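Written below as structure tokens is the structure these notes are about.
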Amino acid sequence: MGKNTKTTEIRVEEAQLGTPQVQEAVDTVKKGIVLYGTVSAIVLATVAVMAISGHSVSSFMWVRSAILLAVTALIHRMAVDVSKGSGRAYERLSTLTIILPIAIVAVDLIPGLCPAWFAVMQGVSALALVYAAVTLKGAALRSVFPKA
């Protein structure tokens with residue numbers, strides 16, 4: 001009986017994943033992550049252009065820009081797993097999309113660490129993650145992943 005119950009629960013989740021509201025929410029999360037990655041790539045490209053043109057850029061700016069861009073691949077993969085019904089990926093992605101924007105802004109607020117233009121661009125990328133976080137915590141996805 002336990003095995004049949006579990007199979008039924010999986011089918012219910014799969015059915016819920018197929019609803020237009022859930023698919024739209026997952027697509028919105030993915031778009032937010034792609035936007036985050038796009039802005040992160042622009043930040044890294046800007047750092048490169050600044051360095052090539054003789055402006056001062058710190059190793060912090062290079063490393064941070066590269067790492068935040070690389071994170072995009074990780075969190076996008078989690079979003080793909082969410083679209084396939086992974087509750088674990090949903091929990092992790094929900095947590096990351098809340099923590100990352102806070103961490104990005106908090107580090108940028110450390111006086112003298114980076115120029116204002118860099119902090120503003122990083123803040124814009126963080127807004128895309130906030131957008132994804134709000135969507136993840138919305139009713140459509142919470143109905144599929146109620147335990148998270």
Side-chain angles (χ1 to χ4, degrees), residues 9-148:
E9 289 173 358
I10 291 169
R11 286 186 185 147
V12 168
E13 284 184 20
E14 288 172 358
Q16 289 175 336
L17 283 171
T19 66
Q21 297 85 1
V22 171
Q23 286 304 309
E24 183 178 333
V26 170
D27 289 344
T28 300
V29 170
K30 288 179 185 176
K31 287 176 187 174
I33 293 168
V34 168
L35 180 59
Y36 163 76
T38 302
V39 175
S40 294
I42 292 169
V43 172
L44 183 57
T46 303
V47 170
V49 168
M50 297 288 284
I52 291 168
S53 66
H55 291 85
S56 176
V57 294
S58 67
S59 57
F60 166 80
M61 293 164 61
W62 280 107
V63 171
R64 179 152 186 216
S65 299
I67 289 172
L68 290 179
L69 178 57
V71 166
T72 304
L74 172 69
I75 60 177
H76 190 273
R77 179 64 195 160
M78 286 181 198
V80 169
D81 290 345
V82 168
S83 72
K84 295 177 182 177
S86 172
R88 187 173 184 181
Y90 174 79
E91 291 174 12
R92 288 180 176 179
L93 188 58
S94 295
T95 301
L96 280 174
T97 56
I98 292 169
I99 292 173
L100 270 174
I102 294 168
I104 290 168
V105 172
V107 170
D108 286 339
L109 291 176
I110 297 172
L113 192 58
C114 56
W117 67 264
F118 184 83
V120 168
M121 290 179 80
Q122 292 286 327
V124 170
S125 73
L127 288 175
L129 290 178
V130 170
Y131 177 64
V134 169
T135 304
L136 283 162
K137 292 299 184 181
L141 289 173
R142 278 190 324 204
S143 70
V144 177
F145 304 103
K147 295 179 183 178

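Along the sequence shown, residues are numbered consecutively beginning with 1. This structure is a prediction, so every number in the text was calculated from the model and none was measured.
- In this structure, the side chains of Thr28 and Tyr131 come closer than 4.5 Å at one or more pairs of heavy atoms.
- Electrostatic pairing of Asp27 and Lys31 does not count as a salt bridge here, judged by no charged N lying under 4.0 Å from a carboxylate O.
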Review point. Can you check side-chain contact (heavy atoms from CB on, under 4.5 Å) on Val29 and Val82, steps first, answer last?
Key: CA-CA 10 Å; Val29 170; Val82 168; over 6 Å; no

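- Note: Ser65 OG to Met121 CE = 8.5 Å, rounded to the nearest 0.5 Å.
- Residues Thr72 and Gly37 approach most closely at OG1-CA, 3.3 Å, considering heavy atoms.
- Heavy atoms only, all atoms of each residue included: Ala119 and Asp108 are closest at O-OD2, 3.5 Å.
- Atom CD of Gln23 has more than 12 neighbouring heavy atoms from other residues, nucleotides or ligands inside a 6.0 Å radius.
- Summarising the geometry, atom CG belonging to Asp81 is positioned 6.0 Å from atom NZ belonging to Lys84; distances are rounded to the nearest 0.5 Å.
- Counting only heavy atoms from C-beta outward, the side chains of Val71 and Leu100 approach each other to under 4.5 Å.
- Residues Ser86 and Tyr90 have side chains not in contact (no heavy-atom distance under 4.5 Å, counting atoms from C-beta outward).
- In this structure, Leu129 and Ile75 have side chains that are in contact, with non-hydrogen atoms separated by less than 4.5 Å.
- In this structure, the side chains of Leu93 and Ile33 come closer than 4.5 Å at one or more pairs of heavy atoms.
- We find the CG-OG distance between Leu136 and Ser94 to be 4.5 Å, quoted to the nearest 0.5 Å.
- Of all non-hydrogen atoms in Ser83 and Val26, the two that sit nearest each other are CB-CG1, 3.4 Å.
- The distance from the NZ atom of Lys137 to the CZ atom of Arg142 is 8.5 Å, given to the nearest 0.5 Å.
- With rounding to the nearest 0.5 Å, the separation of CE in Met78 from CZ in Arg88 is 9.5 Å.
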Requested in this report: Evaluate the criterion side-chain contact (heavy atoms from CB on, under 4.5 Å) for residue pair Val130 and Thr97; output intermediate values, then yes/no.
Outcome: CA-CA 6 Å; Val130 170; Thr97 56; over 6 Å; no

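- Nearest heavy atom pair, residue Ile104 against residue Gln122, reads CG2-O, 3.6 Å.
- Ala128 approaches Tyr36 most closely through the heavy-atom pair CB-N, 3.6 Å.
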Would Ile42 and Val124 count as a side-chain contact (heavy atoms from CB on, under 4.5 Å) here? Give the steps.
CA-CA 11 Å; Ile42 292 169; Val124 170; over 6 Å; no

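- Shown here for Trp117 and Met61, the closest heavy-atom pair between the two residues is CZ2-CE, 3.4 Å.
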Practice problem: Just do the side-chain contact (heavy atoms from CB on, under 4.5 Å) check on Val107 and Arg64 with the steps written out, would you? | Solution: CA-CA 10 Å; Val107 170; Arg64 179 152 186 216; 3.4 Å; yes

